[in-house]
S.K.: 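A single structure is presented below for examination.
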Amino acid sequence: MQLQLDGISKQVGADTHIYPLSLSLVPGKINVLLGQTRAGKTTLMRLMAGLDKPSSGRLLADGVDVTGVSVRKRQLAMVYQQFVNYPSFTVFENIASPLRLAGQLGEAEIRSRVEAVADKLHIAHLLQRLPGELSGGQQQRTAMARALVKQAPLLLLDEPLVNLDYKLREELRAELKELFQHSQTTVVYATTEPQEALLLGGNTIVLDQGRLLQQGPTLEVFHHPASMRVAEVFSDPPMNLFAAQVSGAQRAAELGGDIALPLGPHLQALGSERYTLGVRPSHVRLTPASAHDYRLHCEVELAEISGSDTYLHTRHGEISLVAQLPGVHELAPGSAVALYLNPSEVFAFGADGRLAGSPQRRQAQGSAPWPA
Amino acid sequence: MKTYNNKAWLLVLPVVLCVAFSAIVPLMTVVNYSVQDILGPDQKVFVGTEWFKLVMRDPELHEALGRQILFSAAVLAIEIPLGILLALALPAQGWRSSLALVLLAMPLLIPQNVVGTIWQIYGRGDIGLAGAALNGLGLDYNYTGDSMDAWLTVLVMDIWHWTPLIALLAFAGLRAIPEAYYQAARIDGASRLAVFRFIQLPKLRGVLLIGLLLRFMDSFMIYTEPFVLTGGGPGNATTFLSQYLTQKAVGQFDLGPAAAFSLIYFLIILLACFVFYSLLQNAGPTEKAEH
């Protein structure tokens, strides 16, 4: 389905939840709504579904105006953060319920459809159970099966994995990508996690406080964030940002104190003024990656081990720097550490917050575009 | 190495004392009365199960029990659905909701004997608003003379007093259902009735079970309201089990039979609650903790 939002806004009392925005979803693909909590993802999704009416603007489905059309008459399915299933129905009846309510299919057809989708989501052995007897992951699988079984042209998922534990989230996320790739459905997937957007690929729409910041192919948005805010939203842990003065003669950025960071080739065009430079934590390393790397002597404030990564919080004078290091590193607070930045991996943002220069994309073959 | 000592018993002691004095000692006194014929302060005769046999054969008690079961059944059959309907009709939020809740909760704050007095006056044919109005409409309503009228008055009084409890419980249960359930139902195209039948009712199971048990136990022990209204009359029309028990124990001072009957009464309530609870627990899926 080709869904188009034309000047859509949502006003509740004196509060603006969504500022007027226009966008069109890429049909048959995954569209990721990326934004932090309260960015307006759920509100926008409810508007797309027709659960709420927009304060202004039009909603077009395949070119037809569906702005005022009741959600009951629209063809769509939705999955929520909470695991929403009918408590007194078995898994089978839960999955079958949208088909039964539509009342167009025979019993045999319903059975074969339910079994097919249950098989895809690996819950075929649970069909006779009740939702209360399932684990969280299985409950959410059931809710997803309910949404998928309708084969609706539009599928909305509102942070569907947020209530699951880490392991289950990883597992389902990979399965979802597989499921969506082989369907003709236009998928909208809301999430707060940059990793999730990168893994799902497709298109990304970045929202912040009710405003549309940027939209485009996910990798494009990741590598060329239009503004500092997009870079912040699309980076976890948050991008390291430094106020810097670029001086003309040496083509270097003074970060205050004794640091003069040489500018990479992509930043040679910067004027001699103030900028904010950004470095992704994953681009801060313990060993130099190239001969051009800039070395910074820092003091360790905290080494936080998260999964298989270590988040190293350090300080150099006024500047604080976070490094995301693969593997487990035990560094005592207060100890000295040398960190390396590659000047060709530095983002620059102008005084207005807009992107002034971004690193050139390396064409990495077969490897993920983000740190694993 | 482990050291054993018995100090932990000291920690349990306060509870043991409290339960002993509040429950076990009084209960054992009743058990004591129920197996003896007490003729005077120092004249007691052990009679075994004599009083139990006597009480079980008492036709008056059978009638009271029948009346009681009918009354409790009527109370549950009316108050539970009515409470759910009220909860569904209440505004969900805003000042209207607060106002409605306060108004609804008012009867719950009134003590039983005051409720009895209010309705006693309210129902009077000469000066009571309800009684006079009914008589004015040509209905012959008189709770002091007509058994049916008295019985219905007690029932209506109980409904007025306690339906708000069910409504409040159901209201709280309804508010606990995440909005996503209603949205999902709307997207599926489910009707209002289907939403009630398949989402709201199953989600209300837990609170309704509590409401049902509370209302059953309470209505099965009803005493004050019929006592204030007609003292169990006219005739025996509103003599429920506790009225009967009081007449036996305090009125006629038949401590033996009264004690025997108290124990039977206690067992009936215990048994009925157990049956209700197990039936409802097994009747459908149990709602486990959800996010």
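Residue numbers start from 1 in every chain, and the chains themselves are labelled A, B, ... in the order their sequence lines are given, proteins ahead of strands.
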S.K.: Have a look at B/Q183 and tell me which of A/D158, A/V84, A/V71, A/L51 forms a side-chain contact (heavy atoms from CB on, under 4.5 Å) with it.
M.R.: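 That would be A/L51.
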S.K.: Answer yes or no: does atom CZ of B/R175 have more than 12 heavy-atom neighbours from other residues, nucleotides or ligands under 6.0 Å?
M.R.: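 Buried by this count: over 12 neighbours within 6.0 Å.
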S.K.: Which atom names give the shortest non-hydrogen contact between B/F198 and A/P87, and what distance separates them?
M.R.: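 So the minimum-distance heavy-atom pair works out to O-CD, 3.5 Å.
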S.K.: Does any backbone or side-chain atom of A/K73 lie under 4.5 Å from a heavy atom of chain B? Answer side chain, backbone, both or neither.
M.R.: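 A/K73 has no heavy atom closer than 4.5 Å to chain B.
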S.K.: Taking all non-hydrogen atoms of both residues into account, name the closest pair between A/G50 and B/R186 and its distance.
M.R.: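 Looking at all heavy atoms of both residues, the shortest contact is O-NH2, 4.4 Å.
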S.K.: Working to the nearest 0.5 Å, report the span between CD of A/Q82 and CD of B/E179.
M.R.: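 Between A/Q82 CD and B/E179 CD, I get 9.5 Å after rounding to 0.5 Å.
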S.K.: Side chain, backbone, both or neither: which part of A/A77 has a heavy atom under 4.5 Å from chain B?
M.R.: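 Answer is backbone: N, CA, C or O of A/A77 sit under 4.5 Å from chain B.
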S.K.: Which bit of A/R46 comes within less than 4.5 Å of chain B, counting heavy atoms only: side chain, backbone, both or neither?
M.R.: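 Side chain only.
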S.K.: If every non-hydrogen atom of B/I187 is compared with every non-hydrogen atom of A/M78, which pair is closest and at what distance?
M.R.: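 Where B/I187 meets A/M78 most closely, the heavy atoms are CD1-CB, 3.5 Å.
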S.K.: Considering all heavy atoms of both residues, which atom of A/N85 and which atom of B/Y181 are nearest to each other, and what is their separation?
M.R.: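 Closest pair (atom of A/N85, atom of B/Y181, distance): O-CE2, 3.2 Å.
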S.K.: Could you look at A/R146 and say if it's the side chain, the backbone, both or neither that has a heavy atom under 4.5 Å from chain B?
M.R.: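 Looking at A/R146, just its side chain touches chain B.
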S.K.: Other residues, nucleotides and ligands only: do more than 12 of their heavy atoms fall within 6.0 Å of CZ on B/F196?
M.R.: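 It does: B/F196 CZ has more than 12 such atoms within range.
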S.K.: Determine whether a donor-acceptor pair (N or O, by modelled atom type, separation under 3.5 Å) exists between the side chain of A/R72 and the backbone of B/A190.
M.R.: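 Present.
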